[in-house]
2 protein chains.
Amino acid sequence: MARRSQTETAVLGGLSMHPMTAYALREAIRDVLGHFWSESFGQIYPTLNALEQQGHVERREGPRSGSSTFVITESGTARLRELLSEPITAAPPRNGLLLRLFFGRVLGAEKCRELLLEAKADAERSLAEYDHLARTLSAEEEGSADLPYVLMTVSAGRHDAEGVLAWIGEALALLGDAPANDAPANGES
Amino acid sequence: MARRSQTETAVLGGLSMHPMTAYALREAIRDVLGHFWSESFGQIYPTLNALEQQGHVERREGPRSGSSTFVITESGTARLRELLSEPITAAPPRNGLLLRLFFGRVLGAEKCRELLLEAKADAERSLAEYDHLARTLSAEEEGSADLPYVLMTVSAGRHDAEGVLAWIGEALALLGDAPANDAPANGES
DNA sequence: TCCGCCATGTAACCTGTTACATGATTTT
DNA sequence: AAAATCATGTAACAGGTTACATGGCGGA
């Protein structure tokens with residue numbers, strides 16, 4: 001089995017967009033793939049060394065003394081294509097919010113409501129970020145062949161956040177929310 | 001400290017509903033919390049032993065020779081309440097589908113479309129399961145104080161699946177799929 | 001009788017995060 | 001000159017899965 005399962009994919013994928021240092025790669029992953037992926041230095045550096053030894057990336061002079069810019073090779077691109085074609089290994093689900101709500105009788109309705117309101121604020125913040133991101137990317141990367149794919153992932157985030165918001169409305173209703181500041185009830189159920 | 005394990009929470013939570021063996025606990029987690037949580041034997045057994053030593057659960061005669069039924073104690077319930085009140089430790093995001101789509105230019109539009117159609121089928125299957133689950137639970141657990149909380153988590157699953165379906169429609173459009181063979185745009189059902 | 005499920009546990013093995021150690025370069 | 005940022009890497013540890021080892025019990 002693949003040792004560094006999907007880290008290899010993320011690293012090669014990042015370098016497939018343009019060459020960069022390990023440090024920049026991590027920043028790119030954090031800033032651009034952040035809503036759906038993450039990697040830490042502790043994974044990135046060893047993975048890059050392994051990929052270099054396999055000839056999938058090459059080390060070039062970096063922007064500073066002692067730093068290296070990594071460039072993906074032909075074989076690296078082939079390897080990436082291979083990795084992207086492998087079946088998706090889904091992480092076992094672990095949703096801390098739902099775990100708490102499931103045992104809501106023990107936690108208490110009031111705390112549950114608080115959790116839901118927090119989650120609502122988070123989702124709203126995310127939504128705004130996705131909108132901003134979509135606009136920025138559409139402008140900056142206009143015409144790029146990558147753009148539709150990138151926008152697809154942003155769209156996933158938006159729909160997810162919207163789904164969460166819709167759910168929270170329903171969940172608060174299940175908790176028997178009373179406050180009169182709420183929106184009118186919807187017709188169907 | 002490093003992020004705490006929520007296994008303790010899940011185990012105490014499970015036992016808070018009713019006493020059972022470690023084996024049954026794992027089955028319950030798989031079958032009932034399955035859409036948003038998972039635990040393996042390798043976690044459950046050591047956790048139960050630790051909880052027993054702390055006096056949070058007690059070991060009783062099990063349904064078979066050599067088996068034990070675990071019962072949550074007063075202090076166990078208090079501990080559970082405490083754990084449920086702790087801040088949620090979110091797992092770093094890792095969505096293998098979005099990772100593949102992001103690098104879709106390398107993978108190729110055709111493969112991307114296939115991935116999306118697979119995901120669509122999954123989401124539709126999930127949706128049906130959630131609907132079935134909601135109906136079954138509403139009937140079986142009618143009047144239970146746990147019911148609204150349980151339904152809340154099912155509702156989360158449903159909204160998530162719906163969000164995925166909505167997203168997939170948009171994503172396929174971004175891929176430049178053929179005309180409107182689908183019926184995506186019109187009102188929610 | 002034999003198979004499959006209930007039941008308990010452990011050990012090996014990954015995968016991945018965090019903290020640490022180190023230093024160069026840019027900015028203030 | 002000090003502080004922030006860029007940059008590289010390692011070691012320790014946490015959290016978790018899988019495979020294995022073991023055995024009782026019920027039904028075909």
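As the structure is a prediction and not an experimental result, all values here were calculated from the model.
- Between B:Arg94 and A:Glu39 there is a salt bridge, since a side-chain N of the basic residue sits under 4.0 Å from a carboxylate O of the acidic one.
- If you check every strand for non-hydrogen atoms under 4.0 Å, B:Arg26 touches nothing.
- The side chain of A:Ser67 lies closest to D:dA7 when the candidates are D:dA7, C:dT8, D:dG16.
- Residues from residues 33-40 of chain A that place a heavy atom under 4.0 Å from any atom of DNA chain D: there are none.
- Using modelled atom types, one side-chain atom of A:Thr47 and one backbone atom of A:Gln43 make a donor-acceptor pair closer than 3.5 Å.
- B:Gly42 comes within contact range of at least one nucleobase, with a heavy-atom separation under 4.0 Å.
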Would you sort out whether B:Leu15 and B:Val71 count as a side chain to side chain contact (heavy atoms under 4.5 Å, CB included), showing the intermediate values? CA-CA 6 Å; B:Leu15 294 179; B:Val71 185; over 6 Å; no
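- Taking atom CD of A:Glu27 as the reference point, atom C1' of D:dC6 lies 8 Å away to the nearest angstrom.
- Here the nucleotide nearest the side chain of A:Gln43, chosen from D:dG9, C:dG16, D:dC6, is C:dG16.
- Linking Ile, Leu, Val, Met, Phe, Trp and Tyr whenever their side-chain heavy atoms come within less than 4.5 Å puts B:Leu25 and B:Met17 in one cluster.
- Straight-line distance from the CZ atom of A:Phe70 to the C1' atom of D:dG9: 11 Å, rounded to whole Å.
- At the phosphate of C:dC6, OP1 or OP2 sits under 4.0 Å from a side-chain N or O atom of B:Tyr23.
- For B:Arg94, counting side-chain heavy atoms from C-beta on, the closest listed nucleotide (D:dG16, C:dG16, D:dT8) is C:dG16.
- Taking atom OH on A:Tyr45 and atom C1' on C:dA19, their separation rounds to 15 Å, with Å as the unit.
- Both A:Phe41 and B:Arg59 lie near DNA chain C, and the one whose nearest nucleotide falls closer to the 5' end is B:Arg59.
- A salt bridge links A:Arg79 with A:Glu82; the closest basic N to acidic carboxylate O contact falls under 4.0 Å.
- The side chain of A:Thr7 has C:dG16 as its nearest neighbour among C:dG16, D:dA7, C:dT8.
- One interatomic measurement links the two molecules: CD of B:Gln6 to C1' of D:dA14, which rounds to 14 Å at whole-angstrom precision.
- Between A:Glu8 atom CD and C:dT15 atom C1' the separation is 14 Å, expressed in whole Å.
- B:Phe70 does not carry B:Arg59 over the face of its six-membered ring by the limits of under 6.0 Å from the centre and within 45° of the normal.
- Ion pairing of A:Lys120 with A:Glu118 is absent here, as no side-chain N (NZ or NE/NH1/NH2) approaches a carboxylate O to less than 4.0 Å.
- The hydrophobic cluster containing B:Leu101 also contains B:Leu117, counting ILVMFWY residues as joined when their side-chain heavy atoms lie under 4.5 angstrom apart, directly or transitively.
- The distance from atom CD of B:Glu61 to atom C1' of C:dT8 is 15 Å, rounded to the nearest whole Å.
- Ring geometry, B:Phe102 versus A:Phe36: the interplanar angle falls from 30° to 60°, so the pair is classed tilted.
- Checked by atom type and distance alone, the side chain of B:Trp167 pairs as donor or acceptor with a backbone atom of A:Met152 at under 3.5 Å.
- A straight line from CZ of B:Arg30 to C1' of C:dC6 spans 12 Å, rounded to a whole angstrom.
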When you check every protein heavy atom under 4.0 Å of nucleotides 23-28 of chain C, what one-letter string (B, S, -) results, 5' to 3'? -BSS--
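- Regarding A:Leu25, its CG atom lies at a distance of 15 Å from the C1' atom of D:dG9, rounded to whole Å.
- In this structure, the nucleotide among D:dG16, C:dA7, C:dT15 sitting nearest to the side chain of B:Ser5 is D:dG16.
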